[in-house]
Every structure is written in C-alpha cells, then in structure tokens.
Amino acid sequence: MPRPPCAACTPAVAQALARMSSASANDNDGQAGAIGELVKQSGYSHRRFIALFRGMTGLAPKQYARMLRFDRVIGQFATAPAQRWVELALQAGYSDQAHFNRDFLAIAGMSPQAYRRAAPASSRHVRI
C-alpha cells in the first residue's frame with residue numbers, strides 16, 4: 001500500500017510521501033492541519049500541491065493519509081487478530097469507532113466484524 005518516495009515524483013511530493021509514511025498515529029498525519037503543513041512546506045499553492053500529489057499517487061493527500069491509517073489497522077490486526085477493533089482503531093489514530101467503521105466499510109467493502117469472520121489468510125486478500 002504505502003509507496004516509498006519515487007524517482008519520478010517532484011521533490012515536494014516525494015518529501016510529503018516520506019513524511020506521511022513515517023508518521024505515527026499520534027502525529028495526526030491525516031488531519032487537515034497536517035496536510036496544510038505539507039502544502040506550506042512544499043512552497044506550492046494548495047491547489048497546485050493537491051494536483052501534483054494526485055498526479056503522482058492517484059489520490060489526494062487526505063485520501064492517501066486515510067489509506068495509510070487504514071493500512072495501520074490492517075497491519076495491527078494481522079499481528080494481533082484477537083485484539084478488539086476499538087483498540088486497533090484508537091492505536092491507528094481514529095477518534096472513535098463509528099469513524100473507523102465508516103472508513104473500514106468504505107475501503108474494504110465489508111464491516112470489521114465481517115472481515116474478522118472471513119479470517120483472511122493474508123491481510124490483503126479476503127476470500128469471497
């Protein structure tokens with residue numbers, strides 16, 4: 001999921017990708033303020049930075065941060081499948097379980113409980 005900074009990326013996008021990928025859940029990497037800080041550091045206008053970022057990754061920075069946060073949950077679930085979803089969500093930086101459930105359903109196409117019941121052998125692939 002998270003890609004390392006690429007050689008074809010502009011320096012501003014490469015730096016943003018590196019910062020977003022290395023950020024912890026407590027860094028608020030998906031919050032508008034953090035994205036605003038990345039924009040500010042890039043030296044580009046907000047609109048131009050978003051266009052460059054989207055052109056390089058296929059996602060807007062906020063969407064990319066959302067995917068990174070979801071990826072942290074899935075990674076933690078793979079290492080500790082017995083842990084409660086609410087604990088995983090809080091560790092990944094979700095403010096509440098309802099927000100986590102909405103993201104999970106939107107990204108994975110199933111609820112967290114349905115994902116747990118599917119018991120995927122790989123965290124990236126669920127048998128249908």
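Treat the numbers as computed from the prediction; the structure is a model and nothing was measured.
- Distance CD/Q97 to CD/E87: 10.0 Å, rounded to 0.5 Å.
- A 6.0 Å sphere centred on CZ of R116 holds more than 12 heavy atoms belonging to other residues, nucleotides or ligands.
- Of all non-hydrogen atoms in S21 and L68, the two that sit nearest each other are N-CD1, 4.1 Å.
- Considering all non-hydrogen atoms of both residues, S95 and L90 come closest at O-CD2, 4.2 Å.
- Residues W85 and V73 are in side-chain contact: their nearest non-hydrogen atoms beyond the backbone lie under 4.5 Å apart.
- At least one side-chain heavy atom of F53 sits less than 4.5 Å from a side-chain heavy atom of L17.
- We find the CD-CZ distance between E37 and R19 to be 6.5 Å, quoted to the nearest 0.5 Å.
- Considering only residues two or more places apart in sequence or on other chains, D103 meets the side-chain hydrogen bond (donor to acceptor under 3.5 Å, both in side chains) condition with R66, Y94.
- Under the 4.5 Å side-chain criterion, counting only non-hydrogen atoms from C-beta, L38 is not in contact with Q15.
- Follow the hydrophobic side-chain contacts under 4.5 Å out from M67 and you never reach L105; the two are in separate clusters.
- Across all their heavy atoms, A12 and F49 have their closest contact at O-CE1, 4.1 Å.
- Here the side chain of R72 pairs no donor or acceptor atom with the backbone of Q91 at under 3.5 angstrom.
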- Task: Determine, step by step, whether K62 and I50 satisfy the side-chain contact (heavy atoms from CB on, under 4.5 Å) criterion, reporting the C-alpha distance in whole Å, the side-chain angles of both residues, the deciding distance to 0.1 Å, and the verdict.
- Result: CA-CA 9 Å; K62 194 167 185 178; I50 301 292; over 6 Å; no

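- Side chains of N101 and S111 form no contact here, defined as non-hydrogen atoms less than 4.5 Å apart.
- Although no hydrogens or angles enter the test, the distance criterion places a donor-acceptor pair under 3.5 Å between the side chain of T79 and the main chain of Q76.
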